[in-house]
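Data block below; observations after.
Just so you know, these numbers use all the heavy atoms, side chains as well, and skip hydrogens, waters and symmetry mates. Every value quoted in this text rests on a predicted model; they were computed, and no experiment measured them. Numbering of residues begins at 1 and proceeds along the displayed sequence.
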Amino acid sequence: MEQRNRIFTPQRMKQLILATSCAMALAPLAANAQNSDSLARYQWHLHNTGQKVQADTLPVSGVDLKVDSAYKAGIHGKGVTIAIVDDGLQIAHPDLAANIAKVAGKNFANQSNDPTPSNLNADNHGTMVGGIAGAVGNNNVGVRGVAPAATLKGFNVLSQTAQGSQTSNIEYSWWSGAEVQDVDVFNNSWGTGPSNGSLPFTFSQNEVNSFERAMKSTRGGRGGIYVKSAGNNFNNAWNEGDKRDYCTQDTITKGNGCIPATRDPRNNLQTVITVGAVRADGIRSSYSSVGSSLWISAFGGESGWEKSYRSGQAKEYYDPAILTTDAIGCSEGGNQNSLIRNSLDGSNSIIDKTCNYTAKMNGTSASAPMISGVAALMLEANPTLSYREVKYILATTAVQTDKTHNGWVKNKAGHNYSNWYGFGLVNAAAAIDAADKFKTPFPALVDTGWSANANSVAIGGTTKPAVISIDFTSAPSKIETVQIGFEVSHTNTRRIQFVLISPAGTRSVVQPAYTAIGSGKHWLFGNTTQANFSAWNFVASNAFLDEDGKGKWKLEVSDLGLGASAQPLGNLTSFNIRVLGH
């Protein structure tokens with residue numbers, strides 16, 4: 001798929017793997033997205049009537065962001081600045097230019113404030129992401145963003161031409177740079193790419209505290225809204241370095257997800273909103289990474305191809321993708337005369353001949369800027385909200401999509417949570433209404449700090465799991481998130497499942513068995529083995545929202561491949577936990 005895995009590879013991450021207000025005042029946007037902006041009628045994620053779009057499958061009527069009521073009320077994101085932390089942003093694009101900040105961002109290739117990529121074939125991703133979040137609305141041109149009057153800035157930390165340390169560039173773009181001091185929302189449509197099944201990097205407890213402290217200090221001390229893609233590795237663990245997919249066939253068959261969202265330590269930060277992707281029917285997109293660090297889901301779609309332009313692919317290729325801005329012209333970006341896959345592509349398109357737009361954008365790279373746009377609408381409605389309050393409102397107003405999915409768990413505070421969807425599909429109308437009515441600020445954050453138990457316990461099968469517990473006599477009475485770490489000594493870590501159990505008895509799978517992390521022969525390369533892990537310092541679970549944190553927390557570890565009479569292959573040797581809330 002042409003866009004899907006682009007950002008989540010070591011090559012794209014270069015081993016990370018890792019303006020002012022709108023220049024053109026907008027009249028209130030029409031509630032029906034088909035009434036203005038020439039291509040908005042195809043933006044099913046904004047207004048879904050089951051209309052024909054650039055795909056063979058029709059979107060399901062009513063499955064959209066629910067932004068119409070905000071537009072009717074004149075809420076468009078005006079006065080809110082969104083940073084597109086990506087590979088650049090083409091600020092001269094005719095559907096972005098009026099929303100670009102006077103100081104447009106930071107270019108880490110030439111140290112200027114113009115984040116426009118020098119090579120829009122290599123670095124076009126941010127232009128697509130920026131259009132989803134904040135393309136100009138009601139200008140009778142092309143598309144509109146979720147927050148069509150928000151101010152945009154670009155930071156090209158992912159550009160192939162960026163100079164300096166990528167980690168330093170990200171920190172500059174997240175909190176330390178002069179150009180980010182007026183930023184409210186930080187969109188990050190990127191993440192850690194798979195390698196050989198090992199854990200490429202993690203955060204120490206000190207690094208976690210340092211990142212979160214810096215992020216909380218932005219936006220005048222209210223904390224910036226940091227939105228991040230969960231990942232695109234449900235059915236693959238492709239390693240760009242050795243050109244191998246380390247995901248085994250049994251992982252794909254079991255549907256556990258090849259690389260969990262928790263693998264990127266930034267997805268586990270308490271200051272981050274980690275976003276999954278769903279299709280145009282509200283079901284998880286085929287690629288969307290899953291895990292206990294997910295907070296919410298939005299629309300990532302699928303590939304947006306049409307069989308009349310290119311046939312012979314799997315079904316999901318012909319499901320709707322996201323229509324957004326693309327590099328100007330027909331020789332750069334995703335919409336080129338040489339890359340025709342649907343009726344919008346190319347200079348001969350009967351819909352739009354400019355090639356300035358693409359209907360093939362997808363991935364959690366697309367779902368994240370939708371949440372960034374919704375957050376901008378919420379902040380226009382109530383600029384005093386802290387990052388914690390924005391997160392909470394998004395969670396408690398989300399819709400429990402895909403109710404046939406058997407992974408939903410209702411915690412003891414009454415919130416439904418799933419490792420596939422987080423708290424569910426974003427509902428912009430409900431979130432903006434709740435933001436507008438939110439009057440009582442959250443109490444100060446209560447942080448237990450890290451507690452540890454280093455007892456060693458043999459890891460048995462499902463009837464004899466290893467269990468280590470930690471008892472908190474003082475903890476938040478309303479949990480916001482929980483972070484844990486653990487160590488094991490085991491000869492086949494791929495077979496072991498880690499479950500965190502709250503004092504109230506809610507169970508959260510923080511690392512399932514049979515993912516692409518751990519040992520096991522590779523399905524395609526025979527004797528190639530994945531690497532066992534020993535320590536995982538930093539994993540988050542959001543499943544316990546609003547439960548009481550006091551009492552005994554348990555980490556339960558089971559070897560799902562161990563027979564009833566077999567001897568254990570290793571031990572759980574330590575368990576660390578930190579509970580945050582109020």
Side-chain angles (χ1 to χ4, degrees), residues 19-24 76-118 120 123-137 145-159 161-162 164 166 168-190 214-215 217-220 222-229 273 324-325 327 365 368-377 379-380 383 387:
T20 55
S21 58
C22 180
M24 181 177 66
H76 311 135
K78 188 174 183 179
V80 180
T81 299
I82 302 173
I84 306 300
V85 183
D86 212 286
D87 63 5
L89 185 67
Q90 190 178 34
I91 62 175
H93 193 288
D95 225 356
L96 298 176
N99 280 349
I100 300 298
K102 183 178 180 180
V103 178
K106 180 71 172 181
N107 188 319
F108 294 99
N110 60 23
Q111 307 309 310
S112 75
N113 293 125
D114 183 351
T116 300
S118 59
L120 281 158
D123 294 327
N124 181 54
H125 189 267
T127 298
M128 295 187 288
V129 169
I132 293 171
V136 180
V146 175
T151 300
L152 299 177
K153 291 189 172 188
F155 297 83
N156 65 339
V157 298
L158 306 186
S159 172
T161 60
Q166 193 167 56
S168 296
N169 290 346
I170 288 172
E171 293 175 2
Y172 185 102
S173 304
W174 275 16
W175 64 75
S176 66
E179 298 85 357
V180 305
Q181 300 310 304
D182 61 348
V183 171
D184 303 292
V185 181
F186 299 78
N187 188 86
N188 303 275
S189 289
W190 45 267
M215 296 162 78
S217 70
T218 58
R219 229 179 112 243
R222 294 187 177 94
I225 313 305
Y226 292 85
V227 181
K228 192 161 177 310
S229 296
I273 299 170
T324 184
T325 49
S365 286
M370 295 190 192
I371 298 299
S372 293
V374 172
L377 299 176
L379 291 180
E380 182 184 356
Y387 77 96

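Summarising the geometry, atom NZ belonging to K153 is positioned 11.5 Å from atom NZ belonging to K102; distances are rounded to the nearest 0.5 Å.
Residues T81 and V185 fail the side-chain proximity criterion, which asks for heavy atoms closer than 4.5 Å.
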Full working for side-chain contact (heavy atoms from CB on, under 4.5 Å) between I82 and V183: CA-CA 6 Å; I82 302 173; V183 171; over 6 Å; no

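With sequence neighbours excluded, no residue forms a side-chain contact (heavy atoms from CB on, under 4.5 Å) with Q181. With sequence neighbours excluded, the residues that form a salt bridge (Lys or Arg N to Asp or Glu O under 4.0 Å) with D184 are R219. Here Q90 pairs with H93, T116, L120, T127, A327, I328 under the side-chain contact (heavy atoms from CB on, under 4.5 Å) rule; sequence neighbours left out. Residues passing the side-chain contact (heavy atoms from CB on, under 4.5 Å) test with S168 are S165, sequence neighbours excluded. Applying the side-chain contact (heavy atoms from CB on, under 4.5 Å) criterion to P115, with sequence neighbours excluded, gives L89, I91, A104.
Aromatic ring centres of F186 and W174 lie farther apart than the 6.0 Å criterion allows.
Side chains of D87 and W190: a donor-acceptor N/O pair is absent below 3.5 angstrom, by distance only. Between the side chains of H125 and D86, at least one donor N or O sits under 3.5 Å from an acceptor N or O.
Not a single donor-acceptor pair under 3.5 Å links the side chain of S372 to the backbone N or O of A133. A donor-acceptor contact shorter than 3.5 Å is absent between the side chain of N156 and the backbone of S159.
For residues 98-117, every residue pair satisfying the ring pair (Phe, Tyr, Trp, His ring centres under 6.0 Å) rule, not counting sequence neighbours, is listed here: F108-Y172.
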